[in-house]
Amino acid sequence: MITIKSDYEIQLMRKANQIVRDTLNLLEDKIKEGMTTAQLNKIAHDYIVKCDAIPSFLGYSGFPASICTSINEQVVHGIPSDKVVIKEGDIVSVDCGSIYKGYNGDAARTFMIGKVSEEKAKLVEVTKQSFFEGVKILKEGVRLGDLGHAIQSYAESHGYGVVRALVGHGIGKEMHEDPEVPNYGREGHGMRLRKNMTIAIEPMINMGTHEVYMLNDGWTVVTADGMPSAHYENTVWIKEDGVEILSL
Ligand code: MG
Ligand code: MG
């Protein structure tokens, strides 16, 4: 179901997303080679709880942690572990969600650890920019196909693959609400966004093929060709004349 938010609901969405933003900023500050992804998870979990919010990922469809940590060829939904040690040169995508007074925040960043290759650094930068290429055209009345097309054409102009198997989403009382928000699309197609919708836009961009598969842990999505992938996500509020990015 697509939900249109009241002013009061937007305030709660903003707060939930600010908690997610602050959690990701804290992780960016703390992350370094030699840490385990389980340590990152603990930092995020403790911070979200301290903010009087609920780590929304923990227990979501049985997910066992409060953030997703996806390294290099892992696209999304990697499970934090005390056996996974972060290394110099890694790119680590962290996806984070919180619930504040019944409303959801959702955002993701890809962190570069120490000195990373130029190729990986460019992938991370283009992935982030592809989000902003989409946001640039957004306002009430814009079609989802136009949003997807803006993200896709920018990423593909750099020779990258845009993941199709996973998409962005509406967000509110539920983390995943309608509509689906693909990072690919055809201009002039798809539903029109309405004022006071809130959606999570989350390009997942692969250095090589767009194709992905799931590991047998039932969660971790990896690139089919083993090449690196990056993820960047924010929750945005659709307004008459543009958007407000709630998790920035
Ligand atoms: Mg997310
Ligand atoms: Mg999301």
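All ligand and atom numbering here is 1-based and tracks the order in the structure.
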Look at the side-chain heavy atoms of Ile, Leu, Val, Met, Phe, Trp and Tyr, link any pair under 4.5 Å apart, and say whether Ile10 and Ile238 land in one connected group. no

Give a yes or no on whether Val49 and Tyr100 share a hydrophobic cluster (residues Ile, Leu, Val, Met, Phe, Trp, Tyr; joining criterion: side-chain heavy atoms under 4.5 Å apart). no

With the Mg ion (ligand 2) as the reference point, give the N/O/S atom of [X] that is nearest.
{"X": "Asp106", "value": "OD2"}
{"X": "Glu233", "value": "OE2"}
{"X": "Glu202", "value": "OE2"}

Does His169 bring an N, O or S atom to within less than 2.8 Å of the Mg ion (ligand 2)? yes

For the Mg ion (ligand 2), decide whether Asp95 has an N, O or S atom at a distance under 2.8 Å. no

Parallel, tilted or perpendicular: which one describes the rings of Phe63 and Phe57, with boundaries at 30° and 60°? perpendicular

Using a strict cut-off of less than 4.0 Å between a Lys/Arg side-chain nitrogen and an Asp/Glu carboxylate oxygen, indicate whether Glu125 and Lys122 qualify as a salt bridge. no

Rounded to the nearest 0.5 Å, how far apart are NE2 of His189 and CG of Leu144? 13.0 Å

